[in-house]
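Data block below; observations after.
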Amino acid sequence: MDDARDWRFKWSMNGTDNPTHRYSPSNRIMRIMRIIARIIVVIALVTAGGQLMAQEVDSSGYWFANAEATFFRYLRADGVRVGTGSDESGSFAFEAAPRFTVGRVTPSGCGLRVRYWDFEAFTGVEDVAEGDGIGVDTYTLDVELFQEAQLTQTMTMECFFGIRHNGFTERMLDSPGQFDQDIRSHDFNGLGAIIGAEFRWDFFWGEPFARIRGVALQGDLFVINDDDAGGGIRAPLEHRQARDVLPTVIEIAIGYEYGHEISFGRRVFVQFAYERQIWFDYSHSLVSDLDFPFIFEQFGAPSSVGFGGMVLSAGMEW
């Protein structure tokens, strides 16, 4: 490929039922526009909700905003690979991706926040010059209600729940040449419920924290496994849309926050954290056909994917 970043738009099926129109640049622009529209609507709701809550309690509540840089690697329970051969596996580098949060907290410790994360990465596997590799493109949009509580003089707890909208695309390209083209993909789109908790401790000049978040999703999964052995032998092994699948997400993070009061009651803070995410049943394992080993490679049982790495962030309360 000329540019690995364009992997989503440069694959084709060389046959009927070509689904490339589903992932064209124009469709991606429309998806981004819909996401922006959702964010605007949710921010408007957060603003209205914050104003209503402020009318019911003392007006000394505060707004906050946080910008994070996540440095994650994409991981797979079945291994980062495009086939079942010994030379068809690889690994992802750490990829920087943004995550933004905005919200409102009342003096009672009750609050509402919106969070958006977008991650995209590609890594070459096997015949890199021909464009072989695996790519992932995903985003999450969360809306959460939370309540803070003081457990002890040095320990606070935050409980939260909400909803998540998630879009996920995983694409495996194996020898995508003119006469030998294997394409495998998973595309999920759905909504889910969020529940979780975060604990914080006062420690010297900052606050160590630990957080766990669980998400139970429901949506549609579109699966493609198109295997081409060359020489005119083409096997569209699996083209299907599974409706109302039930993937699950677990996110665990530990970190440290340092904050500093500035003028007019505002507070700035920075965070450093390690985070691990496990996305259950978003993909499938790869197994070889018994009659055509390493040629017709089929999807086996559902397989999990995930992300892991460091998070650096900065924000303000006002």
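Numbers for residues simply follow the sequence, beginning at 1.
- Looking at heavy atoms from C-beta onward, Tyr62 lies out of side-chain contact with Trp318 at the 4.5 angstrom threshold.
- Judged by distance alone, with hydrogens and angles left aside, the side-chain atoms of Asp78 form a donor-acceptor pair with the main-chain N or O of Leu286 at under 3.5 Å.
- Counting only heavy atoms from C-beta outward, the side chains of Asp281 and Leu246 never approach each other to under 4.5 Å.
- A cation-pi arrangement, defined by a distance under 6.0 Å to the six-membered ring centre and an angle within 45 degrees of its axis, is absent between Arg276 and Phe72.
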### Query
Run the side-chain hydrogen bond (donor to acceptor under 3.5 Å, both in side chains) check on Arg76 and Ser283 step by step: do they pass?
CA-CA 8 Å; Arg76 300 185 75 252; Ser283 186; 2.8 Å; yes
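- Within a 6.0 Å sphere centred on CD1 of Ile195, other residues, nucleotides and ligands contribute 12 heavy atoms or fewer.
- Ring pair His186/Phe299 is tilted by interplanar angle, where 30° to 60° counts as tilted.
- No side-chain heavy atom of Met310 sits less than 4.5 Å from a side-chain heavy atom of Phe94.
- Relative orientation of the Trp279 and Tyr282 rings is tilted, given thresholds of 30° and 60° on the angle between their planes.
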### Task
May I have the step-by-step check of side-chain contact (heavy atoms from CB on, under 4.5 Å) for Met155 and Phe199, ending in yes or no?
CA-CA 7 Å; Met155 182 179 180; Phe199 297 87; 3.4 Å; yes
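- Residues Asp118 and Arg99 are not in side-chain contact: their nearest non-hydrogen atoms beyond the backbone lie 4.5 Å or more apart.
- The distance between the ring centers of Tyr256 and Phe209 does not fall below 6.0 angstrom.
- Taking the six-membered ring for Trp and thresholds of 30 and 60 degrees, Tyr116 and Tyr139 have ring planes inclined between 30 and 60 degrees apart.
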